[in-house]
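Comments concern the structure below.
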Amino acid sequence: MYKHTMVGIVTLCAAALLGPAVATSSAAPATVPATAHRQLQDPVLVDCLWHPEVRPTDFMLACGDGNSRLTSLRWTSWNGNSATATGVNWVNDCNPYCAVGKFHSFPVTVRLDDAQTWKRHPQARQYTEITLTYPGARPDKFQHTVTYPLWN
(Lines give C-alpha, C1' and ligand atoms only; values in the text may rest on other atoms or scores of the structure.)
Protein backbone atom coordinates (compact mmCIF):
# COMPACT_ATOMS: atom_id res chain seq x y z
CA MET A 1 0.00 0.00 0.00
CA TYR A 2 2.82 2.41 0.90
CA LYS A 3 4.46 1.80 -2.51
CA HIS A 4 1.26 2.70 -4.41
CA THR A 5 0.77 5.83 -2.32
CA MET A 6 4.33 7.05 -3.01
CA VAL A 7 3.98 6.37 -6.75
CA GLY A 8 0.74 8.33 -6.76
CA ILE A 9 2.28 11.28 -4.91
CA VAL A 10 5.32 11.38 -7.20
CA THR A 11 3.06 11.22 -10.27
CA LEU A 12 0.85 14.05 -8.99
CA CYS A 13 3.88 16.22 -8.17
CA ALA A 14 5.38 15.64 -11.61
CA ALA A 15 2.08 16.50 -13.30
CA ALA A 16 1.73 19.64 -11.19
CA LEU A 17 5.24 20.78 -12.09
CA LEU A 18 5.05 19.94 -15.79
CA GLY A 19 1.51 21.20 -16.39
CA PRO A 20 2.30 24.95 -16.38
CA ALA A 21 5.44 24.45 -18.49
CA VAL A 22 3.55 22.50 -21.15
CA ALA A 23 0.64 24.94 -21.13
CA THR A 24 2.98 27.93 -21.38
CA SER A 25 5.06 26.54 -24.23
CA SER A 26 2.05 25.41 -26.25
CA ALA A 27 0.15 28.64 -25.68
CA ALA A 28 3.05 30.94 -26.53
CA PRO A 29 2.87 32.36 -30.05
CA ALA A 30 5.68 31.41 -32.41
CA THR A 31 7.59 34.61 -33.06
CA VAL A 32 10.91 35.24 -34.71
CA PRO A 33 13.06 37.90 -33.06
CA ALA A 34 13.63 40.95 -35.25
CA THR A 35 17.39 40.30 -35.27
CA ALA A 36 16.92 36.75 -36.57
CA HIS A 37 14.58 38.02 -39.28
CA ARG A 38 17.13 40.67 -40.24
CA GLN A 39 19.89 38.06 -40.47
CA LEU A 40 17.83 36.02 -42.94
CA GLN A 41 17.43 39.12 -45.12
CA ASP A 42 21.13 40.00 -45.34
CA PRO A 43 23.63 37.63 -46.95
CA VAL A 44 25.76 35.40 -44.75
CA LEU A 45 29.42 34.43 -44.79
CA VAL A 46 29.72 30.63 -44.84
CA ASP A 47 32.59 29.19 -42.78
CA CYS A 48 34.64 26.03 -43.31
CA LEU A 49 32.06 23.90 -41.50
CA TRP A 50 29.19 25.26 -43.63
CA HIS A 51 27.84 27.45 -40.80
CA PRO A 52 26.32 30.77 -41.84
CA GLU A 53 27.84 33.74 -40.05
CA VAL A 54 26.88 37.39 -39.84
CA ARG A 55 29.65 39.82 -38.89
CA PRO A 56 32.09 37.16 -37.59
CA THR A 57 35.11 38.36 -35.63
CA ASP A 58 37.31 35.58 -37.09
CA PHE A 59 37.23 33.73 -40.39
CA MET A 60 39.40 30.90 -41.75
CA LEU A 61 40.52 31.54 -45.32
CA ALA A 62 42.53 28.33 -45.79
CA CYS A 63 40.13 25.62 -44.61
CA GLY A 64 42.33 22.73 -45.69
CA ASP A 65 45.49 23.61 -43.80
CA GLY A 66 44.68 26.68 -41.68
CA ASN A 67 47.62 28.64 -43.09
CA SER A 68 45.63 31.86 -43.58
CA ARG A 69 42.96 33.29 -41.30
CA LEU A 70 41.33 36.61 -40.57
CA THR A 71 41.05 37.83 -36.97
CA SER A 72 39.88 40.91 -35.07
CA LEU A 73 37.34 41.73 -37.77
CA ARG A 74 35.43 44.97 -37.18
CA TRP A 75 32.57 45.35 -39.63
CA THR A 76 31.71 48.87 -40.77
CA SER A 77 28.95 47.71 -43.12
CA TRP A 78 26.95 44.55 -43.83
CA ASN A 79 24.05 44.70 -46.27
CA GLY A 80 22.49 43.01 -49.27
CA ASN A 81 25.16 44.26 -51.67
CA SER A 82 28.45 44.04 -49.79
CA ALA A 83 30.15 43.98 -46.41
CA THR A 84 33.32 45.75 -45.31
CA ALA A 85 35.63 45.22 -42.33
CA THR A 86 39.12 45.87 -41.08
CA GLY A 87 41.17 43.25 -39.33
CA VAL A 88 44.32 41.16 -39.35
CA ASN A 89 45.31 38.43 -41.80
CA TRP A 90 47.54 35.80 -40.13
CA VAL A 91 49.52 33.99 -42.83
CA ASN A 92 51.99 31.11 -42.46
CA ASP A 93 55.23 31.83 -44.36
CA CYS A 94 55.70 28.06 -44.90
CA ASN A 95 59.45 28.52 -44.60
CA PRO A 96 61.09 26.09 -45.15
CA TYR A 97 57.76 24.24 -45.27
CA CYS A 98 54.33 24.90 -43.74
CA ALA A 99 54.57 22.50 -40.79
CA VAL A 100 57.48 24.48 -39.33
CA GLY A 101 56.66 27.89 -40.82
CA LYS A 102 55.86 30.99 -38.77
CA PHE A 103 52.68 33.00 -38.80
CA HIS A 104 52.91 36.71 -39.58
CA SER A 105 50.20 39.32 -39.13
CA PHE A 106 49.18 41.84 -41.77
CA PRO A 107 46.58 44.59 -41.34
CA VAL A 108 43.89 44.13 -43.98
CA THR A 109 40.64 45.56 -45.26
CA VAL A 110 38.09 42.89 -46.14
CA ARG A 111 35.25 43.27 -48.61
CA LEU A 112 32.55 40.67 -49.30
CA ASP A 113 30.59 40.84 -52.56
CA ASP A 114 28.47 38.97 -55.07
CA ALA A 115 25.67 37.72 -52.84
CA GLN A 116 23.88 34.75 -54.39
CA THR A 117 21.38 32.13 -53.30
CA TRP A 118 23.10 29.65 -51.01
CA LYS A 119 22.79 26.26 -52.73
CA ARG A 120 22.63 24.34 -49.42
CA HIS A 121 19.92 26.63 -48.03
CA PRO A 122 18.00 28.29 -50.88
CA GLN A 123 16.07 30.53 -48.46
CA ALA A 124 19.33 32.35 -47.64
CA ARG A 125 21.88 34.30 -49.63
CA GLN A 126 25.62 34.14 -49.15
CA TYR A 127 28.56 36.28 -50.20
CA THR A 128 30.56 34.43 -52.85
CA GLU A 129 33.58 36.69 -53.23
CA ILE A 130 36.12 38.10 -50.78
CA THR A 131 38.64 40.85 -51.51
CA LEU A 132 41.61 41.55 -49.25
CA THR A 133 43.42 44.88 -49.48
CA TYR A 134 46.72 45.29 -47.64
CA PRO A 135 47.32 48.97 -46.80
CA GLY A 136 50.96 48.35 -45.83
CA ALA A 137 53.04 45.19 -45.57
CA ARG A 138 51.62 42.08 -47.16
CA PRO A 139 52.56 38.39 -47.45
CA ASP A 140 55.31 37.49 -49.92
CA LYS A 141 54.06 37.07 -53.49
CA PHE A 142 50.71 38.73 -52.67
CA GLN A 143 49.42 41.69 -54.66
CA HIS A 144 48.25 44.83 -52.86
CA THR A 145 44.67 43.65 -53.50
CA VAL A 146 43.64 40.01 -53.94
CA THR A 147 40.19 38.59 -54.67
CA TYR A 148 39.13 35.02 -54.03
CA PRO A 149 35.91 33.11 -54.71
CA LEU A 150 34.18 31.78 -51.62
CA TRP A 151 32.70 28.29 -51.47
CA ASN A 152 29.01 27.83 -52.01
**Q.** Test salt bridge (Lys or Arg N to Asp or Glu O under 4.0 Å) applied to Asp113 - qualifying residues, sequence neighbours left out
**A.** Arg111
(Q) Between Gln126 and Lys119 (side chain of the first, backbone of the second, donor and acceptor by atom type, cut-off under 3.5 Å), is there such a pair? (A) no
Q: Taking Thr128 for its side chain and Asp114 for its backbone only, find out whether a donor-acceptor pair lies under 3.5 Å.
A: yes
Shared hydrophobic cluster for [X] and [Y] (ILVMFWY, side-chain gaps under 4.5 Å):
X      : Y      : result
Leu112 : Tyr148 : yes
Trp75  : Leu61  : yes
Leu49  : Ile130 : no

Which atoms form the tightest heavy-atom contact between [X] and [Y], and what is the distance?
X      : Y      : value
Trp78  : Glu53  : CZ2-O, 3.6 Å
Val91  : Ser68  : CG2-OG, 3.9 Å
Arg69  : Met60  : CB-SD, 3.8 Å
Ser82  : Tyr127 : O-OH, 3.2 Å
Val88  : Ser105 : CG1-CB, 3.5 Å
Arg125 : Ala115 : NH1-CB, 3.7 Å

Q: Please round to the nearest 0.5 Å and tell me the distance separating atom CD of Gln123 and atom CH2 of Trp118.
A: 8.5 Å
Q) Rounded to the nearest 0.5 Å, how far apart are CG of Asp58 and OG of Ser72? A) 6.5 Å
Is there a side-chain contact between [X] and [Y] in this structure, where contact means two heavy atoms from C-beta onward sitting under 4.5 Å apart?
X     : Y      : value
Pro56 : Asp47  : no
Leu45 : Leu150 : yes
Thr86 : Thr76  : no

**Q.** Side-chain donor-acceptor contact under 3.5 Å, Asn67 with Asp65
**A.** yes
Q: Take atom CG of Asp140 as the centre, draw a 6.0 Å sphere, and report whether it contains more than 12 heavy atoms from other residues, nucleotides or ligands.
A: no
Q: Give me the one residue out of Leu132, Thr133, Thr71, Leu73 that meets side-chain contact (heavy atoms from CB on, under 4.5 Å) with Val108.
A: Leu132
Q.
Assess the residue pair Val54 and Asp42 against the criterion (side chain to side chain contact (heavy atoms under 4.5 Å, CB included)); give the C-alpha distance rounded to whole Å, side-chain angles, the decisive distance to 0.1 Å, and a yes or no.
A. CA-CA 8 Å; Val54 176; Asp42 286 339; 5.8 Å; no
Q. How would you list all residue pairs meeting ring-ring contact (aromatic ring centres under 6.0 Å, His included) that involve residues 82-105, not counting sequence neighbours?
A. none
